[in-house]
Structures are given as structure tokens and as C-alpha cells.
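Atom set for the values below is all heavy atoms of this structure, side chains included, hydrogens, waters and symmetry mates excluded. Just so we're on the same page: letters track the sequence lines, and every chain starts at 1.
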Amino acid sequence: MDDLWERLERLGLRRGTAGLERPAPEARLDIHHLVPGEVVSTPLGNFFLHEERYPLDHRHGRTCLGQVWDVDPSRVEALLGSALPGPLDLRRALYVDTETTGLAGGTGTYAFLVGVGFFEGNQFRLLQFFMRDYHEELPLLHHLAEQFADPPTLVTFNGRNFDVPLLHTRWIAARLSPRWTQTPHLDLLPPSRRLWKSRLESCSLASLEWHILGVRRASEDVPGWMVPSLYFRYVQTRDAREMKRVLYHNAQDILSLVTLASVLGEVASRPLDPARPCTDCYSLATWLEEQGRWEEAEALYRRALAGPLAPDQRQRAMLRLALLLKRQGKREEAIPLWAALAESPRVGLLALEELAKWEEWHHGDLWAARRFCQKGLELAGVWLRGPARRRAEAEFQHRLARLERKLGLWGTAEGAQAGDPSGSPAPPTGEWP
DNA sequence: GACGTATGAGCCTTCCTAGC
DNA sequence: GCTAGGAAGGCTCATACGTC
């Protein structure tokens, strides 16, 4: 718009001429007056570009940007790479975050600010592509696609569901070829959830910054939910003072992408780090277990259980460790865990069933197996209702009938009341008899 | 050979949660 | 308000193994 006014002035058409009135004096508060940068001219029009450069030792929270250089790509790939088609080199990635006119997606939502960051030499370069009005979208998208046609990897936060599909839609709406369709993409949200969900109430980027990265944003930051309304107001008034804050917000998001990737990379590189909190040990153990890294998972479950855990998480850790030991053929090592879990209404029946299996099929004490079945039958009636109760009771009845057949009690008068010749008392729940 | 049991994979449903 | 993905739980099925 300023181009138009400058052209009018060059033509000698002053303010108020021909019914054309320059907007209020706030025009001098437009983005290029408040933020260092350049108005990029392209054959398709103009847009505003702001650039920042950070040294590798620039500290963002507790982490320096350059720490991402210490991350071994092969280790990152081993943990995070299951969704990626190739190696994951965080040093060569393009870190992307957009600010948009809403969340709705579809053709009505614009990405009015696209921030991209990448390492170049001994610096981290941050470019912010900003459209000062809707007609600047086409040159912005065109320039973005030209400059970053084929990055080796994308790193985003929830970008798999939000930023990248939105940019694809904008490129298509602008009749340009969508980019980054085949680019390997590391979305940091899923791994962050996997690792920290059990410890944090929220895994939003703001929460991760506060609790994991140690980032404290300056007062000029704006909350994400305000961004669309601030942009709408800017387009109407040309007063970019609030947009300066949005650019700051976007820049901070991108720096957080780098340091968050670095922290996740560190976790991938050293999963057994002794300094890791026990809640994180548990989360990481479940992750490694899924990837078939059973020995590391077992070590992490044990470390988690050695520290303070919330009761619910402790129970989950014991259950998962017991199942993992069983899968590894270490059934006997799992027995104390099953015995402890037999107290719990949620998993107690499973524990009693496992104890009965152990006694019947591996330890060979049919009387002990019978006692566990009787206990399970009794507790199913207490803990469960409806179909779940009927299923559990049928399961224990079936096992009990077989055991009594083997013991020679089936069909005899003493049947269900038969005593235990070993003379040992009935098993207290939760204790190994 | 018939039968019973354990195991793991795969599928489905439900609920929750990030992005601006 | 939209959307995709993850977690958890439940279910079925195929396979392998042991026992009688």
C-alpha cells in the first residue's frame, strides 16, 4: 500500500487529492518503520522480510542453539526416526513456524507470517516472511517456495497437522506447486508428548518452554490465541506495534524448536543418563520397549521404580516391567512384581492369573496355583461388575477346574472344599505365599 | 492326533490434545 | 472450530508348543 502512496506523491498527487486520502498518521507505525528489514520486490508484488542472526552460543533458556550440533543423527534416527524416510540431521534442518489468521484450516485461513530458521556457517539465521495485506500473499508464497524449495528435513511443532497442511493449501490456492510434500518432517509434538506427558499437565510449546527448556519470555510476547485478532486490527489500522510483538513471538517459537530438538536429541543419544527424572525414565522405557530395545527399557523401568513415582504411574511401571520380563523369558524375576500388583483392583486379577500360570506351568505347585485361582474368583466378584465380571469368573473357573482335575479333586465330594496338603495358609493378596 | 495354553500381531473404538 | 495422531483397552486370529 505504501508503494501506491509513494507513486501518487511522485506523480504530484498530494494528500486529499481526487478523494484519495492517505491513511491516518499511524501509517508511520507500519511494520517497516518499526522492525528492521526490507520490502522485497518480486514480479508478483511485494512483501516484508525480517532477518535475525544468532551466534551458536546464543542461549535460549538453559540450552544454547549450537548444542544441536552435538546430537548424533544416527542416534536421533534410532529413537525418532521410525516416521522418517531418511537420516535426521538437525544441523541441516529447516525449522518452520507460521502465524495464521485462525485455526480452522481450509482456504479461508492465511499464513500471514512464515518464520524459517536454519544453520549457516557459525550462525543460526532466522527469516520472517510477513504479508502486510492479503494481496502480498502470492509474492510471499512464491518467494518462500523459491528460496526453500527442497530442504533436507523440516522441524516443526504440530506442523504435521497444522503448519505444513496449511501452507500446502495456501500454495494450491495461489496456483503454485505445493512444496515440502516429500520432505522428511520431524514434528516435535508427538515425541514431546511421549516423553513428558506423564510429568506435565500440558505439552503445549509454552509449557515445554517453561518446564523443560527453562525459557522465560519477555513481556512483549503475545499469547497465540490473540494473534489472529491482532493481525485483523493491523490490516485495518496499519499500526504494527502489536505485529512487532507477533514477530517476537514467532522468533521465540522457532528458537524453541531448535532447543527442543536439541533436548530430544540428547535424550535419544543418552537414554540411560543417570540424571534423568524417574517419571521420564518410565516414559522413555515405554518408548524403547515399543521399539524392541528391551534391555534398555528394563533398566529404565527399574530406575523409575527405584525413585518417587505417583501411585498410578508406579503401578503402570510395575505392570509393564512384569510383562516385559515375562516376554524376555525372565518369569521368575517378575513374580515379586505380580505379587505386589495382586493387591490392586485395577490389575490384581491379571496378576493373580499370572501367578496361577507360573505355579501351574513353570513352578509346578498346583496347590498354590489353585489358591491363586480361588482368590481371583473371589476378588472378581468384589472388584468387577457385568460382562467383565462374568468373563473373569469364567476364566478362573476354567483354570480351577483343570487344576482340580490334575489334583484328582474333580468330581469328588471334597471338591471345592479340599484342603491343601502342604498345610500352607491361603495366600494373602499381594504377598508371595 | 487332539486338545489346551501362551503369545504376539493386528484391528477397532474411545478419548484426549496440540496448533492460531 | 478442525484435524490427525497417540494412548489405552478390548477383541480376534494365527502360530507354536506341551501334554495326554
Side-chain angles (χ1 to χ4, degrees), chain A residues 80 82-83 96-115 155-170 185-198 200-209 221-232 242-243 245-246 249-250 253-254 256-257 260 282-283 286-287 289-290 292 294 312-313 315-316 319-320 323-329 331 334 346-347 349-350 353-354 356-362 364 366 369 384 386-388 390-392 395 398-399 401-403 405-406:
Chain A
L80 306 174
S82 56
V96 179
D97 184 52
T98 64
E99 308 304 323
T100 70
T101 57
L103 287 175
T107 51
T109 303
Y110 288 76
F112 68 84
L113 173 62
V114 182
V155 177
T156 64
F157 192 82
N158 199 30
R160 197 175 292 281
N161 297 322
F162 186 73
D163 303 79
V164 172
L166 184 82
L167 282 171
H168 284 172
T169 303
R170 297 320 308 169
H185 182 174
L186 172 61
D187 184 341
L188 297 176
L189 172 61
S192 299
R193 270 196 184 141
R194 282 222 70 154
L195 199 54
W196 295 301
K197 191 182 176 191
S198 53
L200 305 180
E201 270 189 23
S202 160
C203 281
S204 66
L205 189 55
S207 170
L208 295 169
E209 279 183 354
D221 191 39
V222 288
W225 59 268
M226 283 181 67
V227 168
S229 60
L230 293 177
Y231 184 69
F232 295 141
E242 296 297 320
M243 281 303 99
R245 299 174 66 192
V246 173
H249 172 85
N250 178 256
D253 278 358
I254 290 181
S256 291
L257 290 183
L260 184 59
Y282 167 73
S283 302
T286 67
W287 200 356
E289 184 189 349
E290 255 175 46
W294 291 352
D312 186 56
Q313 199 173 37
Q315 193 184 88
R316 284 177 186 280
L319 176 63
R320 295 194 73 136
L323 290 169
L324 178 60
L325 290 168
K326 179 184 168 188
R327 203 180 311 141
Q328 292 180 100
R331 290 169 189 273
R346 217 169 60 87
V347 294
L349 295 179
L350 173 65
E353 186 183 346
E354 291 299 329
K357 282 179 190 173
W358 161 256
E359 289 296 353
E360 179 180 358
W361 300 105
H362 305 282
L366 300 186
L384 301 178
R390 284 192 289 278
R391 257 199 315 273
E395 177 72 29
H398 179 72
R399 202 174 290 278
R402 184 181 60 245
L403 283 162
R405 256 199 323 272
K406 287 184 181 178

Identify the pairs formed between an N or O of the protein and an N or O of nucleotides 8-13 of chain C at a distance under 3.5 Å, and give each distance.
unit_1, atom_1, unit_2, atom_2, d
C:dG9, OP1, A:Arg346, NH1, 2.9
C:dC11, OP1, A:Arg391, NH1, 2.8
C:dC11, OP2, A:Arg391, NE, 3.2
C:dC11, OP2, A:Arg391, NH2, 3.4

Expected rows: protein N/O vs nucleotides 10-14 of chain B N/O, under 3.5 Å:
none

Hey, what are the protein-to-nucleotides 6-9 of chain B N/O distances that come in under 3.5 Å?
unit_1, atom_1, unit_2, atom_2, d
B:dA6, OP1, A:Trp361, NE1, 3.2
B:dA6, OP1, A:Arg399, NH1, 3.2
B:dA6, OP2, A:Arg399, NH2, 3.4
B:dT7, OP1, A:Arg331, NH1, 3.0
B:dT7, OP1, A:Arg331, NH2, 2.2
B:dT7, OP2, A:Lys326, NZ, 2.5

Short heteroatom pairs, N/O only, protein and nucleotides 4-6 of chain C, under 3.5 Å:
unit_1, atom_1, unit_2, atom_2, d
C:dA4, O4', A:Asn161, OD1, 2.8
C:dA4, O3', A:Asn161, OD1, 3.4

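Partners of A:Asp187 under the side-chain hydrogen bond (donor to acceptor under 3.5 Å, both in side chains) rule, at least two apart in sequence or in another chain, do not exist in this structure. For A:Glu354, the salt bridge (Lys or Arg N to Asp or Glu O under 4.0 Å) criterion is met by A:Lys326, A:Lys357, not counting sequence neighbours. Annotation: side chain to side chain contact (heavy atoms under 4.5 Å, CB included) contacts of A:Ser198 (sequence neighbours excluded): A:Ser283, A:Gln313. Not a single side-chain hydrogen bond (donor to acceptor under 3.5 Å, both in side chains) links A:Ser229 to another residue, sequence neighbours left out. Under the salt bridge (Lys or Arg N to Asp or Glu O under 4.0 Å) criterion, A:Arg193 pairs with no residue, sequence neighbours left out. Applying the salt bridge (Lys or Arg N to Asp or Glu O under 4.0 Å) criterion to A:Glu242, with sequence neighbours excluded, gives A:Arg245. Applying the side-chain hydrogen bond (donor to acceptor under 3.5 Å, both in side chains) test to A:Glu209 and every residue at least two apart in sequence or in another chain returns A:Arg217, A:Ser256.
Using modelled atom types, one side-chain atom of A:Thr101 and one backbone atom of A:Tyr110 make a donor-acceptor pair closer than 3.5 Å. With hydrogens and angles ignored, the 3.5 Å screen pairs a side-chain donor or acceptor of A:Asp163 with a backbone N or O of A:Thr98. Using a distance-only test at 3.5 Å, with no hydrogens or angles considered, a donor-acceptor pair links the side chain of A:Arg170 to the main chain of A:Thr109. Proximity of a side-chain donor or acceptor of A:Asn250 to a complementary backbone N or O of A:Asp97 within less than 3.5 Å is detected.
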Worksheet entry | Verdict with supporting geometry, A:Val246 and A:Tyr231, side-chain contact (heavy atoms from CB on, under 4.5 Å) | CA-CA 9 Å; A:Val246 173; A:Tyr231 184 69; over 6 Å; no
* Asked: Does the pair A:Leu319 and A:Leu350 meet the rule for a side-chain contact (heavy atoms from CB on, under 4.5 Å), with working shown?
  -> CA-CA 9 Å; A:Leu319 176 63; A:Leu350 173 65; 3.6 Å; yes
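Look at CH2 on A:Trp196: it is 18 Å from P on B:dT17, rounded to the nearest Å. Here C:dT3 presents its C1' atom at 13 Å from CG of A:Leu189, a figure rounded to the nearest Å. One can place CG of A:Leu260 at 13 Å from C1' of B:dA18, the figure rounded to the nearest angstrom. For the pair A:Phe157 CZ and B:dA18 P, the computed distance is 7 Å after rounding to whole Å. Nucleotide B:dA18 holds its C1' atom 14 Å from the CD atom of A:Glu209, rounded to whole Å. Spacing between atom CD of A:Glu201 and atom P of B:dT17 amounts to 10 Å, rounded to whole angstrom units. Atom C1' of nucleotide C:dA7 and atom CD of A:Gln313 are separated by 14 Å, given to the nearest angstrom. Distance CG (A:Asp187) to P (B:dG19): 11 Å, rounded to an integer number of Å.
Among all heavy-atom pairs drawn from A:Arg316 and A:Tyr282, the shortest one is CB-OH, 3.3 Å. When all heavy atoms of A:Ser192 and A:Phe157 are compared, the closest pair comes out as OG-CE1, 4.3 Å. Of all heavy-atom pairs spanning A:Leu167 and A:Val114, the tightest one is CD2-CG2, 4.0 Å.
Residue A:Thr109 places no side-chain N or O under 4.0 Å from the OP1 or OP2 atom of B:dC20.
A:Asp253 comes within 4.0 angstrom of sugar-phosphate atoms only, judged by non-hydrogen atoms across all strands, and of no base. Within the 4.0 angstrom heavy-atom criterion, no nucleotide atom of any strand lies near A:Thr156. Across all strands, A:Tyr231 comes closer than 4.0 Å to no nucleic acid atom at all (heavy-atom distances). Using a 4.0 Å heavy-atom distance criterion, A:Thr101 is classed as making no nucleic acid contact.
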Dot-bracket assigned to DNA chain B with the 3.5 Å Watson-Crick/G-U criterion, [ ] for crossing and | for other-strand pairs, is |||||||||||||||||||.
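A:Thr100 places a side-chain heavy atom less than 4.5 Å from the side chain of A:Phe162.
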